[in-house]
Protein chains: 2
Amino acid sequence: MNKEFNCPVEATISLIGGKYKSVILFHLMGKTLRYSELHKKIPKATDKMLAQQLRELEKDGLIKRTVYPVVPPKTEYNLTEFGESLSPILNAMCNWGESYLNIPSQCVEES
Amino acid sequence: MNKEFNCPVEATISLIGGKYKSVILFHLMGKTLRYSELHKKIPKATDKMLAQQLRELEKDGLIKRTVYPVVPPKTEYNLTEFGESLSPILNAMCNWGESYLNIPSQCVEES
DNA sequence: CCGTATCCGTATCGATACTG
DNA sequence: CAGTATCGATACGGATACGG
């Protein structure tokens, strides 16, 4: 697999371009969420997809996964500093989607 | 195919998330390029991929394709206003890729 | 020059079932 | 609760050949 990129844009997309990756990252901005909370926010993703994308984001150093050895199980996800550095991009994507695609904003969280 | 999105970010990615789409859009920002010029800037893409992604971008109203009926053939691509509105996102992705991934910038064009 | 057509392997994604 | 395992469909992407 070729991991060299000619263009920064291409490199960036390779990290956040997955079907649910940018959405996951967006929901985790400035927050810590449990697996089930994350899943509620992205209902269309199956467990398989969600777990897989989370593993990749973790491998790429964008998110941190914390497992609490309790019953019932508890796993929390949050962005690393590296992940947080994506905020300008994620916010730009959210704003654009709202403005130009008229997507109802469930991104700007209601409390 | 489900075209409804829960989140603006997801909707945005669905338009620019293709392997070469964001790179194409980026190279066309504020410019008009011929097919061959575009291909030179994205050498890794095959003719098939480049043409396919260009068709999709055209279908989604992000780029305009102009064919000149001359010999040899001449086809030019440029962003629509809709496409230009993505500039903040594309620039953010380029800046981030340069800053955090240390990709040599061939994005900021040398003349 | 600007593509399309065909074939084909791989990666992505979904559905379902199951588990500590 | 937080996943994994398995199977299968389809989309993505590359190689090559060809055409107006």
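In what follows, chains carry the letters A, B, and so on, assigned in the order in which the sequence lines appear, proteins first and then strands, with residues in each chain numbered from 1.
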In whole Å, I'd like the distance from the NZ atom of K48(B) to the P atom of dG14(D). 9 Å

Correct closest heavy-atom pair for V23(B) and V9(A) would be N-CG1, 4.1 Å

From the options dG14(C), dG3(C), dT4(D), select the nucleotide whose nearest atom is closest to the side chain of R55(B). dG3(C)

Could you report the tightest heavy-atom contact between K19(A) and Q53(A), atom names first, then the distance? N-OE1, 3.8 Å

To the nearest Å, give me how far apart CD1 (I24(B)) and C1' (dG13(D)) are. 14 Å

Residue matched to dG20(D) through Watson-Crick or wobble contacts both under 3.5 angstrom: dC1(C)

Separation of atom CD1 in I42(B) from atom C1' in dC2(C), rounded to whole Å: 15 Å

Donor-acceptor pair, side chain of H39(A) and main chain of R34(A), under 3.5 angstrom: no

OP1 or OP2 of dG14(D) sitting under 4.0 Å from any side-chain N/O of Y20(B)? yes

Between dT16(C) (P) and M49(A) (CE): distance, integer Å: 16 Å

Sugar-phosphate only, base, or nothing, as touched by P73(A) at under 4.0 Å among non-hydrogen atoms: base

Please state how far atom CG in L54(B) lies from atom C1' in dC1(C), giving the value in whole angstrom units. 14 Å

Indicate, with a heavy-atom threshold strictly under 4.0 Å, whether Q53(A) touches base, sugar-phosphate, or nothing. sugar-phosphate

Candidates dG3(D), dC7(C), dG14(C) - which lies nearest the side chain of T75(A): dG3(D)

According to a hydrophobic-cluster definition based on side-chain heavy atoms being under 4.5 Å apart (Ile, Leu, Val, Met, Phe, Trp, Tyr only), do F82(B) and I24(B) belong together? yes

When you check the phosphate oxygens OP1 and OP2 of dT4(D), does a side-chain N or O of Y35(A) lie under 4.0 Å from one of them? no

Under 4.0 angstrom, heavy atoms only, what part of the nucleic acid is Y68(B) near: base, sugar-phosphate, or nothing? nothing

Just by modelled atom types, is the T66(A) backbone N or O under 3.5 Å from a matching donor or acceptor in the T75(A) side chain? no

Can you tell me if R34(A) touches the phosphate of dA2(D), counting only side-chain N or O atoms and a distance under 4.0 Å to OP1 or OP2? yes

Between P on dA5(D) and CD on Q52(A), what's the gap in Å once rounded to a whole number? 12 Å

Measuring from the side chain of D47(B) (C-beta onward, heavy atoms only), which nucleotide among dC1(D), dT4(C), dG3(D) has the closest atom? dT4(C)

Short side-chain N/O contact from K19(B) to OP1 or OP2 of dA11(D), under 4.0 Å: no

Taking only side-chain nitrogens and oxygens of T46(B), does any of them come within less than 4.0 Å of OP1 or OP2 of dA15(D)? no

It should be established whether R65(B) places a side-chain nitrogen or oxygen under 4.0 Å from OP1 or OP2 of nucleotide dC2(C). no

Quick one: do L28(B) and V67(B) end up in the same hydrophobic cluster if we chain Ile, Leu, Val, Met, Phe, Trp and Tyr together by side-chain heavy atoms under 4.5 Å apart? no

Using whole Å, report how far CG of L33(B) lies from P of dC1(C). 15 Å

Quick one: E10(B) CD to dC13(C) P, roughly how many Å, whole number? 11 Å

Between dG14(D), dA2(D), dC1(D), spot the one nearest the side chain of P72(A), thanks. dC1(D)

